[in-house]
Amino acid sequence: MLSIIVPVLNEHESLPQLLAEIVRSGERHGIGYEVIFVDDGSRDGSWDVIRQLAEQNEKVSGIRLRRNFGKAAALTAGMRAAKGDLVLMMDADLQDDPAEISNFLNKLNEGFDVVNGWKQRRLDPWHKVFPSRVFNWMISRLTGLKLHDHNCGLKLFRAEVAREITIYGELHRFIPVLAHAKGFRIAEIAVHHRERQFGRSKYGMRRFLRGFLDLLTVKFLTGFGQSPQHMLGAIGLMFLGVGFLGLGYLAVLWLLMNLPPLWGGVPLIAVSPIGPRPLLAYSIAATLLGGQSLSLGLLAELIVSNTVREQATFSISERASRHEE
Ligand code: UDP
Ligand code: MG
């Protein structure tokens, strides 16, 4: 069975038509499904519409969050409630086309765990489309998962994926990346995208700054989340090395100039005083930074060893044994 999860923030005009389209698509392709609308703190009467739809159609259920927690939280609430072994998520604003569902299922059956949509001809204003291109290119470069449209609202994946990744804040943009980091197989297909008919977009320009910061977080979590010292420690050692080199060089100069006179000889070299040199300040700063970074890494390891490692160090795909489990 397929669980369709729809996050809803102030989309009351769209919901009846969206459901009608889902029903039509489900009937045409004979798909068994449930629809879960998650109301993420709407203030426009979306919840009343959802309640009505749930009363009229037994395949529909609703979840209402107490306030606006963000799309990732809404999706997580939906995934926890989902009963199907496949999960499809789709935006509530009618920009995603429910007629695509069967294409997604076909692609998944080719042997993938996640099928991500790609709004090839995107019907949004340029000031959303252009930054989004840059963003997708950046994610693809930094994470190694090359997709055209990481943040497409329409995606299908197996329930294991939903169980194994944790999204919060605005990390819904990184579902494919997080799944990829766990070894799931990802595919993408082009989808038909439509213009927003009702209401307005819930995301402004701020999304790009936050998206970039989240990219750094995700890169760190997927790369070094289990062993932060591998990153912080490496940075620390690098700075320590640079600092020691500089200090060592200055120390040698000082000794060559000052030691022989102490023993009654003449200086081996004549150099300007060490104290006011910029290299001294830089070397000290690098040494301190290196020490800081190393100890920060140890602190991070201490935290990780008490928390995350227990849950999420690996992901099992199959088991084999002579005994039935
Ligand atoms: N949404 C949500 N909570 C939020 C913001 C958005 O549930 O805090 C939902 C919104 O109702 C829509 C989907 O997430 O169904 C995508 O939002 P939107 O269409 O505004 O994004 P855009 O298409 O402009 O990127
Ligand atoms: Mg939209």
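Order of appearance sets the numbers: ligands from 1, and atoms from 1 within every ligand.
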Margin query: Do Met231 and Phe220 make a side-chain contact, defined as non-hydrogen atoms from C-beta onward lying under 4.5 Å apart?
Written below: yes

Next item on the list: May I have the step-by-step check of side chain to side chain contact (heavy atoms under 4.5 Å, CB included) for Asp91 and Val6, ending in yes or no?
Entry: CA-CA 6 Å; Asp91 287 354; Val6 184; over 6 Å; no

Check: Are the charged groups of Glu34 and Lys83 less than 4.0 angstrom apart, N to O?
Finding: yes

Notebook entry, point to check: Charged N to carboxylate O below 4.0 Å: is that the case for Glu110 and Lys107?
Noted result: yes

Check: Of all the N, O or S atoms in Asp93, which one sits nearest to the Mg ion (ligand 2)?
Finding: OD2

Note to self: Please verify the inter-ring angle class for His148 with Trp118; under 30° counts as parallel, over 60° as perpendicular, anything in between as tilted.
What the structure shows: parallel

Next item on the list: State whether Phe135 and Arg133 meet the cation-pi test: NZ (Lys) or CZ (Arg) under 6.0 Å from the six-membered ring centroid, and within 45° of the perpendicular axis.
Entry: no

Check: Is it true that some N/O/S atom of Gln95, main chain or side chain, lies under 2.8 Å from the Mg ion (ligand 2)?
Finding: yes

Checklist line | Neighbouring residues of ligand 1, heavy-atom cut-off under 4.0 Å | finding: Pro7, Val8, Leu9, Glu11, Asp40, Asn68, Gly70, Lys71, Asp91, Ala92, Asp93, Gln95, Lys128, Arg196, Ser201, Lys202, Tyr203, Arg207

Notebook entry, point to check: So among Lys119, Arg173, Lys155, which one has a salt bridge (Lys or Arg N to Asp or Glu O under 4.0 Å) with Asp149?
Noted result: Lys119

